[in-house]
Amino acid sequence: MDAVQARKAAALAETYAPNDAEADARLEQQAKEEEAQIKKTCDELGLTLHEVTPDGHCLFSAVADQLALLGIIPSSEANYATCRKAAADFIFRHPDDFLPFLPSDLGEDGAGATEPGLMTRDQFERYCQTMRDTAVWGGEPEVVALSRAYNVPIHVVQGGTPPVVVHDPSGEPTPGSDNKRIAYISYHRRLYGLGEHYNSLRPKKLVDSIKSVFR
């Protein structure tokens with residue numbers, strides 16, 4: 001993480017910092033429990049956590065890392081910009097599939113709203129442009145879009161229940177899928193004290209083989 005990112009992370013940490021020691025201890029305990037749950041699931045799946053910079057691009061960087069490992073995109077294109085564009089473009093081309101799940105200023109997600117509503121066309125276009133061109137945080141709609149855009153299941157390991165959330169490009173989990181063609185990422189609600197974050201999960205065998213080369 002460079003100096004600018006470090007300063008941003010520190011500023012965000014202060015924003016989210018609890019106001020008393022009891023709350024601080026409670027959040028720290030929750031973070032430890034989440035970390036332990038994610039590690040347990042990773043151990044069961046033979047995966048190890050590959051940390052991604054918490055810079056707003058984490059989801060896209062994590063998925064890009066997985067797509068490169070699977071040989072779906074070349075390593076030269078394995079970056080957040082590639083995946084941001086893929087997700088935003090896919091959502092833009094399939095508005096009916098995503099509009100019901102996107103926040104609307106005019107509907108139930110807006111301040112003081114009393115009834116549900118969908119984004120206007122202008123809002124939808126701005127959403128897609130912002131998702132493509134800025135560091136705005138990506139979430140579940142973007143995970144779904146990436147799974148479908150690259151035609152690869154994305155399994156999200158998390159703390160809590162269920163321990164693994166499956167996103168399949170067909171829309172339905174595929175029993176007995178070839179795990180060599182699954183992208184694995186982790187979702188953290190409290191990592192770094194900054195709120196939500198994604199990391200990439202690499203096969204332990206791959207990581208161990210890389211380490212052995214440098215011994």
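Worth saying up front: this structure is predicted, and the values here are computed from it rather than measured. By convention here, the first residue in the shown sequence is residue 1. Hydrogens, waters and symmetry mates are skipped; everything else that's a heavy atom, side chains included, is used.
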query = Any luck finding a side-chain donor-acceptor pair between Q66 and Y184 under 3.5 Å?
reply =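 Q66 vs Y184: no donor-acceptor pair found between side chains.
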For the atom pair [atom1] ([X]) and [atom2] ([Y]), what is the distance rounded to the nearest 0.5 Å?
{"X": "H188", "Y": "C58", "atom1": "NE2", "atom2": "SG", "value": "9.0 Å"}
{"X": "Q37", "Y": "T161", "atom1": "CD", "atom2": "OG1", "value": "7.5 Å"}
{"X": "Q123", "Y": "L118", "atom1": "CD", "atom2": "CG", "value": "10.0 Å"}

key: Any donor-acceptor N/O pair, N199 side chain to V52 backbone, under 3.5 Å   =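 Flag set: sc N199 to bb V52 pair under 3.5 Å.
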inquiry  = Taking V136's backbone N and O only, do any of them form a donor-acceptor pair with T134's side chain (distance below 3.5 Å, no angle check)?
reply    = yes
How close do [X] and [Y] get, heavy atom to heavy atom, and via which atoms?
{"X": "T41", "Y": "P163", "answer": "OG1-CB, 3.7 Å"}
{"X": "A88", "Y": "C128", "answer": "CB-O, 3.4 Å"}
{"X": "R189", "Y": "G159", "answer": "NH1-O, 3.3 Å"}
{"X": "S147", "Y": "P153", "answer": "OG-CA, 4.1 Å"}
{"X": "M131", "Y": "R84", "answer": "O-NH1, 2.7 Å"}
{"X": "A145", "Y": "A87", "answer": "CB-O, 3.8 Å"}

query = Passes side chain to side chain contact (heavy atoms under 4.5 Å, CB included), S186 versus L49? Steps please.
reply = CA-CA 8 Å; S186 57; L49 190 146; 4.0 Å; yes
Can you tell if the side chain of [X] reaches within under 4.5 Å of the side chain of [Y], non-hydrogen atoms only?
{"X": "T48", "Y": "C42", "value": "no"}
{"X": "I73", "Y": "Y150", "value": "yes"}
{"X": "L69", "Y": "R202", "value": "yes"}
{"X": "L67", "Y": "L146", "value": "no"}
{"X": "L47", "Y": "K204", "value": "no"}
{"X": "K40", "Y": "I38", "value": "no"}
{"X": "E142", "Y": "I91", "value": "yes"}
{"X": "V152", "Y": "I182", "value": "no"}

key: By side-chain contact (heavy atoms from CB on, under 4.5 Å) - contacts of D97 (at least two apart)   =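 Here the qualifying residues are H94, R148.
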key: Whether over 12 other heavy atoms sit under 6.0 Å from E140 CD   = no
inquiry  = Are V164 and L201 connected into the same hydrophobic cluster when the rule is that any two of I, L, V, M, F, W, Y join if their side-chain heavy atoms are below 4.5 Å apart?
reply    =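 Looking at the clustering, V164 is in the same group as L201.
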inquiry  = Quick one, D133 with K85, criterion salt bridge (Lys or Arg N to Asp or Glu O under 4.0 Å). Give me CA distance, side-chain angles, the key distance, then yes/no.
reply    = CA-CA 8 Å; D133 298 334; K85 184 178 186 305; over 6 Å; no
key: Any residue meeting side chain to side chain donor-acceptor pair (under 3.5 Å) with T82, in chain and number order, not counting sequence neighbours   =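 N79.
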Test applied, ring-ring contact (aromatic ring centres under 6.0 Å, His included); reference residue, H57; option that passes from Y80, Y198, W137 =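 By the ring-ring contact (aromatic ring centres under 6.0 Å, His included) criterion, H57 pairs with just one of Y80, Y198, W137: Y80.
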task = Examine R121 relative to F92 and say whether NZ or CZ is less than 6.0 Å from the centre of the six-membered ring and inside a 45° cone about the ring axis.
result =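 Because its charged atom sits under 6.0 Å from the ring centre and within 45° of the axis, R121 does stack over F92.
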request  = Go through the steps to decide whether V63 and I185 satisfy the test side chain to side chain contact (heavy atoms under 4.5 Å, CB included), and finish with yes or no.
outcome  = CA-CA 7 Å; V63 173; I185 61 177; 4.3 Å; yes
Trace of the side-chain hydrogen bond (donor to acceptor under 3.5 Å, both in side chains) decision for E33 with Q29 = CA-CA 6 Å; E33 291 173 357; Q29 181 60 32; 3.2 Å; yes
